[in-house]
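What follows is a short report on a single structure.
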2 protein chains.
Amino acid sequence: MSPKLKKSLFTVFIGAAMWFSPMPAGVTTQAWHLLAIFVSTIIGFILNPIPIGAIAFTSITLSVILNVLKPAEALSGFADTTIWLIVSAFLFAKGFIKTGLGRRIAYNIMHAIGDSTLKLAYALALSDVIIAPATPSNTARAGGILFPIVRSLASAFDSEPDKGPRRIGAFLMMSAFQVNCVTSAMFLTSMSPNPLIASLAAKAVPGLELTWGMWALTASVPAILSVIAVPYVLYKVYPPEIKRTPEAKVLAAKELEKMGPMSMGEKVVSLVFVLCLTLWATASMTKLDATNIAMIGVSIMLWTNTLTWDDVISDKAAWDAMIWMGSLVCLAGFLTKFGLIALFAKAVSASLAGIPWLVSLLILLLVYMYTHYFFASTSAHVTAMYAAFLTVAIVAGAPPYLAAFSLAFMSGLYCGLTHYGNGPASIYFGAGFMPQGTFWKLGFIVSVVNVTIWLTVGPVWWKVIGLW
Amino acid sequence: MSPKLKKSLFTVFIGAAMWFSPMPAGVTTQAWHLLAIFVSTIIGFILNPIPIGAIAFTSITLSVILNVLKPAEALSGFADTTIWLIVSAFLFAKGFIKTGLGRRIAYNIMHAIGDSTLKLAYALALSDVIIAPATPSNTARAGGILFPIVRSLASAFDSEPDKGPRRIGAFLMMSAFQVNCVTSAMFLTSMSPNPLIASLAAKAVPGLELTWGMWALTASVPAILSVIAVPYVLYKVYPPEIKRTPEAKVLAAKELEKMGPMSMGEKVVSLVFVLCLTLWATASMTKLDATNIAMIGVSIMLWTNTLTWDDVISDKAAWDAMIWMGSLVCLAGFLTKFGLIALFAKAVSASLAGIPWLVSLLILLLVYMYTHYFFASTSAHVTAMYAAFLTVAIVAGAPPYLAAFSLAFMSGLYCGLTHYGNGPASIYFGAGFMPQGTFWKLGFIVSVVNVTIWLTVGPVWWKVIGLW
């Protein structure tokens, strides 16, 4: 039996076994069957008998034929605004790469501080921290802004998905992605689910108000430590082959000279970039949608011929992400809608009775953190579990602000666990620089680093500022 | 000023002029603005300053930024089941072409009767008539079954979009498409909006029952005449360069010999084809969704490696169709939802007061027929106008069954007018064998032929069978 067939059969077997096994009390047949399909999909993603897009496509097909979802429901993920922000981000990045603007920016960074790979990673991290408070869409921040630069840096060092990915590309991708997760937790406005969290907290516990300033102050110390630690840890456990890059400055100067003055295309992309950045930064006032802003950027590039229509329809990575992420967003969304997640949260909270609040909160935080393996969207996870877990923690005796903020921060940090956990994950993974196993392993290692920092140094800092 | 810039400015000008011009009474601002965007989009489609996909993408982007649609609404077309039936049909066709099964079938037809191009067109038409009653999805019938054969026939005669499209491909594509529109009107079960029509008629006029047998009998004579006339007219006004194909039989025999026995891939595609055909034919009993059936077919091809995932994500034509058709389905859907179409129907009916019913019915039929230029979906058009027009006709004094059936038949025939009028249109147009202007011109000519047959011979036949 071929390994592919073995993996395929095992994937199907897990799904079938769950499908026909007895259901826990309170779970509807439909919800249980959807869970069987979802778990089987995740197994398929891990074993990879065929590409994940094909697995995801099959899963939504099966969800209809097996009478779990209606035809229109199964396709609903393809109209998701997050999905089209990701598609637009891919196209955005294409403009950066195609016109050479990405390379120009990358060479400028290299020229300024690029004498070591680790310094490059920190330069990227610093940029992320600076723009994070102004970009409530972490997907746009990653896909539209930092990913194209990382992608261009990799190319500049001759590191491509199919040729020397470990030279420098894989490390920088992973570092940029994990830093994005940290900066997402850092500000009320650095990730769109954060305002949702604030509103959920206020609803769950009257008077509990998570303000912008309080959020930034509370997150500051552990976040800065994480931003420093994450690139360094990745540098140690997942070292790039190129470490010292003394020739980089010279090379960068030479390349910049070779590129000459900015082309029309580069100017258009620069303007679109500044326009989108401004629109994203002011989105909370203008009420403009992050996806729509990205689509405006793509439209401008199309009308100015900076991107051709053929660039769009031949962007395989975009369509790949659209299908697998759209399918997964759909399945995960219906898991929540069918009440399975709420039921799970309830089961967890029941088992916490009679345990000291510190232990309860710790368990809740870890469960909340690591259940993200089952979510394809931060918003879905937050919507499903945040309010329930916060309530349980407070009932168990935890100080409200401590519980509210620590759970809030996990919501950014857990995005780093998988390649489907949020928008940036699928962009950095979709670039193809590392296999899924590596992505998950590094994601787990970084999660341990982050959890350790945020749950040891964090509480001390929070005691200092009087949070509890 | 470059022609592209001129066309772009004119497209924008029309939209802006409508946007700021005074609104007719009863139209909401939102509906009027959407109409301005829609009309501008159609102008853009006609003038083509940039590819239609880019125009459609810009239109839905504008609809959000201009506050006409919500972000999620603007993307809703991408989750439309018709859109994914089209995407699946493209992938289905890829299986036919890639494995060579399409070529094998084509060579077999050629071998049997292929001594002239016109006979080939009739062979395709006959196949369509035979499978039509069993395929309630005309998109599946076109995209999944006949289009791949037409596509393969074109390739076999060395006629490609970019190399000799007029040799044979363009003619066969147009003939197959227009015949598909005729067969769509032919049976209650040959197009999914037909059952909808029957239900709308029953609701509008109590006791008015359009049965399967009555439908087939009423349509039979004009439909058979149309199936005979349409390929012939197209053959005259849009002649293929290759006319006599005496060498085709010999060539076909040779090619079939060269191909040898069927490959594994061909067998899989054949089985998938028979399976989907069976499922489509029994869909009214099993209640299976046509899109889901096509997706099952694609899934099977993916798991058997008959199609690779790369085949899927690199199918530019599929993603092109998805974006422009999805955008248009969305805009057209909201035109209806905002009540603009209903208002239009009302305005038309008001102007018919005091006119003899025969004249009224004729005007209603022609208006109903040619307003399809404004629709990207048969279902939307039927939903918006059929019941209103039927009511008006009956109020004007037309015999109910005559009015109900003649309006019903137009619903199939008008699909041939544009390249976005229904699913098959976008498939045959998307294949790239003819420019949009030609597609519209031929669509209009065939519409005149069809309207003439159905509204002259038709009424005589309907008198004979006692319909009025």
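Letters A, B, ... are given to chains in the order of the sequence lines, protein chains preceding strands, and every chain is numbered from 1.
- Highest contact tally toward chain B, considering only A/G53, A/P71, A/S314, is held by A/G53 [criterion: heavy-atom pairs under 4.5 Å].
- In this structure, CE on B/M322 lies 4.0 Å from CE on A/M322, to the nearest 0.5 angstrom.
- The heavy-atom pair separating B/A79 from A/S76 by the smallest distance is CB-CA, 3.9 Å.
- Heavy-atom distances place the backbone of A/D80, and not its side chain, under 4.5 Å from chain B.
- Atom CG of A/L75 and atom CG of B/D289 lie 8.0 Å apart (nearest 0.5 Å).
- With a 4.5 Å cut-off on non-hydrogen atoms, A/I50 touches chain B through its side chain but not through its backbone.
- Closest approach of B/W309 and A/P51 over heavy atoms only: CB-CG, 3.5 Å.
- The two residues B/I60 and A/M295 make their nearest non-hydrogen contact at CD1-CE, 3.7 Å.
- Between the CZ atom in B/F78 and the CZ atom in A/F78 there is a gap of 12.5 Å [rounded to 0.5 Å].
- At a 4.5 Å heavy-atom cutoff, the contact between B/I323 and chain A is made by side-chain atoms alone.
- Counting heavy-atom neighbours within 6.0 Å of A/K337 NZ, excluding the residue itself, gives a total of 12 or less.
- Between chain B and the options A/I296, A/V64, A/L302, A/D315, heavy-atom pairs under 4.5 Å are most frequent for A/V64.
- Note on ring orientation: taking the six-membered ring where Trp is involved, the planes of B/F57 and A/W84 are tilted (angle from 30° to 60°).
- With a 4.5 angstrom heavy-atom cutoff, A/I300 does not touch chain B via any of its atoms.
- Residue A/K4 touches chain B through its side chain alone, counting heavy-atom pairs closer than 4.5 Å.
- With hydrogens and angles disregarded, a donor-acceptor distance shorter than 3.5 Å links the side chain of B/N292 to the backbone of A/T61.
- Only the side chain of A/V312 comes within contact range of chain B, with heavy atoms under 4.5 Å apart.
- A donor and an acceptor atom, one from each side chain of B/W303 and A/T58, are located under 3.5 Å apart.
- Contact count versus chain A (heavy atoms, under 4.5 Å) is highest, among B/D310, B/T308, B/N67, B/I65, for B/I65.
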